[in-house]
There are 2 protein chains.
Amino acid sequence: MARHSAQIAGAKGRRSAGHVTLADVARLAGVATMSASRALRMPGEVSPELRRRVQRAIEQLGYVRNRVAGGLAGAANDMVGVIVPSMHNAFFSATLEALARELESRGVGLLVANSGYDARKESDLAYALLSWRPRALVLTGVDHSAKVLHLMRGVSTPLIEMWDLSPRPATLNIGFSHREVGKAVARHFASAGYRKLAFAGANMQLDRRARQRCAGFVAEALRLGLQRPRVVEIEQRAEVGRGREAAAELLRGTPAVQAAAFSNDVLALGALFECQARGIAVPGRLALAGFGDLDVVAQTVPSITSVAPPSAEIGRLVGQAVFDKQLRDRRAIDLGFHLIARASSAPRR
Amino acid sequence: MARHSAQIAGAKGRRSAGHVTLADVARLAGVATMSASRALRMPGEVSPELRRRVQRAIEQLGYVRNRVAGGLAGAANDMVGVIVPSMHNAFFSATLEALARELESRGVGLLVANSGYDARKESDLAYALLSWRPRALVLTGVDHSAKVLHLMRGVSTPLIEMWDLSPRPATLNIGFSHREVGKAVARHFASAGYRKLAFAGANMQLDRRARQRCAGFVAEALRLGLQRPRVVEIEQRAEVGRGREAAAELLRGTPAVQAAAFSNDVLALGALFECQARGIAVPGRLALAGFGDLDVVAQTVPSITSVAPPSAEIGRLVGQAVFDKQLRDRRAIDLGFHLIARASSAPRR
DNA sequence: CTGAAAGCGCTAACAA
DNA sequence: TTGTTAGCGCTTTCAG
């Protein structure tokens with residue numbers, strides 16, 4: 001008996017530890033559940049009276065909307081999944097922040113995951129994110145494992161690729177050409193009078209974009225009639241300490257390198273510090289250029305030449321593409337980049 | 001007629017643009033939906049035969065699990081919501097990355113949002129995140145608007161606060177004492193022989209933690225019998241350029257400051273560069289210390305003294321707390337910090 | 001070990 | 001403008 005009545009009492013608040021439902025709100029407001037739903041989602045299309053009553057009930061009950069149920073019921077699932085190779089990286093952070101801002105303004109959540117530049121992990125994460133039925137899946141780069149592409153074939157979720165451009169995009173690409181970045185830096189060095197060039201890149205086996213910047217740099221140097229740039233590969237992720245080491249390595253070789261490009265500002269910073277520590281003049285003895293245009297490289301002494309990628313713009317545009325089918329139907333959007341010449345690569349006298 | 005048959009044909013693949021359902025899988029495998037569900041979630045508890053058939057059907061159909069439906073049906077909603085003040089910040093990025101890693105290993109997704117240090121935005125975001133019925137809500141800091149706290153009262157979602165410790169925590173706090181950080185830096189300067197101290201902090205009106213570091217620094221200096229440190233407030237977010245300006249400001253005043261602490265390594269970096277640009281000896285003329293222990297401050301010339309917060313550990317522990325009720329029932333977990341003395345604050349001769 | 005029935009909380013579609 | 005009905009795709013009972 002006691003048990004029975006407990007069950008009955010429970011029928012209403014069964015999930016006593018759970019959340020208040022919209023039906024509870026409607027009951028308290030004395031209206032149909034559907035009316036409460038409408039009052040919430042399209043307040044303009046219900047009577048002020050209804051709106052008020054529902055509003056009051058919501059406040060009284062501390063109701064929090066349940067988008068999980070809403071998503072199932074057919075409303076668009078207001079979530080976007082994004083995979084970045086690393087969150088601990090100013091480039092992608094800026095993109096994520098801009099993307100989040102863009103989405104938040106439309107009430108859409110950001111489900112993030114980081115692959116750590118691991119293709120296998122990326123495909124696992126893509127599956128996990130898709131299982132939330134996001135409005136769109138955003139991946140970094142354009143080279144994904146066959147598994148990911150196969151996965152996408154089974155679902156209707158739009159795929160957006162960012163931070164790179166594919167030669168023949170199968171879906172929307174929002175980014176810029178890393179190869180062109182490399183070429184631009186080589187041209188910059190050449191026009192400033194440097195003839196013995198080098199490129200130091202971190203994590204190039206896994207990071208296609210860094211590899212492309214390197215390839216563009218080398219190709220352009222050759223095209224300009226310079227000798228083949230020396231390439232130093234750092235088999236780890238970019239860190240300032242690795243940049244110092246790379247600089248030490250470059251300084252060791254002969255013939256002497258006059259200008260070095262780095263796959264990442266973090267490395268370029270390290271190179272500058274190594275030069276400072278050894279009393280090597282920058283750019284007098286060694287000119288430097290990075291990539292990323294981190295806040296800090298504009299302030300060092302001397303300031304460091306860098307390439308500014310459109311990090312935030314990428315995030316913003318990806319966010320817009322989520323809602324704009326027309327935009328999504330474009331194959332590729334090249335946002336370009338800016339080479340910012342600074343003291344570290346001032347023209348040779 | 002044509003229309004009618006189209007509807008019938010559509011009955012099966014109604015959402016032709018949609019996803020394959022578990023029922024489709026079960027049908028193809030010739031088993032009940034429930035069996036397919038079990039084969040997926042508890043492969044160990046079904047016959048190998050069933051497992052195989054379901055597996056085959058899944059592959060054939062390209063089925064992707066739908067956690068939205070699963071969540072609604074009662075399975076725990078495998079998602080965690082987290083709000084950070086900024087994603088474009090190495091501290092929080094490291095925490096997010098560690099948290100994501102911890103959650104991913106258990107198949108739980110990370111829904112992130114950034115408040116931009118805006119309390120009003122934080123409460124809006126908290127609502128938005130709660131509407132996904134996450135397993136837990138993670139907020140940065142311990143000072144939230146009344147609205148947020150009121151919101152939490154209405155739901156059963158556990159709240160975890162990170163990166164700070166409240167004097168009397170109402171929920172699990174995982175972090176460290178920023179006041180103690182400030183005190184430690186002041187003591188460090190004092191014991192290295194510096195007597196005229198200063199503190200420069202960015203965004204201190206909005207960032208309680210920076211404010212606490214400042215307060216601890218000042219209080220400890222006074223306790224040690226030093227004169228009241230000069231405090232420079234930067235009414236913007238920390239940027240290297242702001243650090244240069246702050247250093248310029250400090251260098252201007254009299255009596256001359258001997259050692260300056262900064263609320264953030266980014267500012268300390270700027271200060272170092274300003275000194276380099278002006279030919280001011282560090283630490284000879286001005287000693288420096290930052291906060292955050294960014295990769296870069298260990299490599300500058302001279303290297304910069306800093307305080308290493310347990311960024312990644314916070315993320316890891318928060319991740320564990322999500323799954324560990326016992327852990328969650330603890331009120332506060334103080335992870336401490338490390339002061340790393342470097343050349344920029346070497347003892348005065 | 002497997003299956004059938006009954007919802008989870010919400011919203012689209014239709015009716016009043 | 002508001003209400004009623006019928007699910008969304010899955011999982012939790014509870015039976016076989």
Side-chain angles (χ1 to χ4, degrees), chain A residues 7 10-27 29-54 58 61 63-78 130-133 154-156, chain B residues 7 10-27 29-54 58 61 63-78 130-133 154-156:
Chain A
Q7 283 186 343
K12 217 183 207 156
R14 178 157 31 79
R15 283 208 180 187
S16 57
H19 294 248
V20 178
T21 73
L22 192 54
D24 296 333
V25 171
R27 207 170 302 133
V31 301
T33 311
M34 192 59 223
S35 297
S37 173
R38 268 194 283 256
L40 256 174
R41 290 173 304 132
M42 357 180 186
E45 301 181 29
V46 298
S47 67
E49 168 62 11
L50 182 101
R51 211 181 319 152
R52 213 169 306 124
R53 295 177 66 163
V54 170
I58 285 176
L61 259 37
Y63 171 74
V64 175
R65 189 174 162 190
N66 184 341
R67 306 181 84 135
V68 177
L72 222 210
N77 225 340
D78 279 341
L130 284 176
S131 76
W132 288 107
R133 296 296 184 274
V155 302
S156 60
Chain B
Q7 283 186 344
K12 217 184 206 153
R14 179 156 28 81
R15 282 211 182 185
S16 59
H19 294 250
V20 178
T21 73
L22 191 54
D24 296 332
V25 170
R27 207 170 301 133
V31 301
T33 310
M34 193 54 229
S35 297
S37 172
R38 268 194 283 258
L40 257 174
R41 288 174 304 133
M42 357 181 187
E45 300 180 30
V46 298
S47 67
E49 168 62 9
L50 181 97
R51 209 179 323 151
R52 214 170 304 123
R53 295 176 67 163
V54 170
I58 284 176
L61 259 33
Y63 171 74
V64 176
R65 189 174 161 190
N66 184 341
R67 305 182 86 137
V68 177
L72 221 208
N77 226 341
D78 279 341
L130 284 175
S131 76
W132 288 107
R133 296 295 183 272
V155 302
S156 61

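Reminder, nothing fancy here: chain letters follow the sequence lines and each chain counts from 1. All heavy atoms count here, side chains included; hydrogens, waters and symmetry mates do not.
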(message) As a test of reading the structure: which of C:dG3, C:dC1, D:dT1 is closest to the side chain of B:Ser47, going by heavy atoms?
(response) C:dC1

Report, one line per pair, each donor and acceptor closer than 3.5 Å where one atom sits in a side chain of residues 31-41 of chain B; sequence neighbours left out.
{"residue": "B:Ser37", "atom": "OG", "partner": "B:Arg41", "partner atom": "NE", "Å": "3.1"}
{"residue": "B:Ser37", "atom": "OG", "partner": "B:Arg41", "partner atom": "NH2", "Å": "3.0"}
{"residue": "B:Arg41", "atom": "NE", "partner": "B:Ser37", "partner atom": "O", "Å": "3.4"}

Quick one: [X] [atom1] to [N] [atom2], roughly how many Å, whole number?
X       : N     : atom1 : atom2 : result
A:Arg53 : D:dG3 : CZ    : C1'   : 14 Å
B:Leu50 : C:dC1 : CG    : P     : 11 Å
B:Asn77 : D:dG9 : CG    : P     : 17 Å
B:Leu72 : D:dC8 : CG    : P     : 13 Å

(request) Drop me the distance from B:Asn77's CG to A:Trp132's CH2, to the nearest 0.5 angstrom. (result)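 Here the rounded value is 4.5 Å.
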
(message) What's the separation between atom CG in B:Leu72 and atom CG in A:Leu72, rounded to the nearest 0.5 Å?
(response)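 Output value for this atom pair is 5.0 Å.
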
If we ignore hydrogens and angles and just use 3.5 Å, is the side chain of [X] paired with the main-chain N or O of [Y] as donor and acceptor?
X       : Y        : value
B:Arg67 : A:Ser131 : no
A:Asn66 : B:Arg133 : no
A:Arg27 : A:Leu22  : no

(message) At 4.0 Å (heavy atoms only), tell me whether B:Val68 reaches a base, stays on the sugar-phosphate, or touches nothing.
(response) nothing

(message) Across nucleotides 10-16 of chain C, 5' to 3', mark each nucleotide with B, S or - according to how protein heavy atoms within less than 4.0 Å reach it.
(response) BBBB---

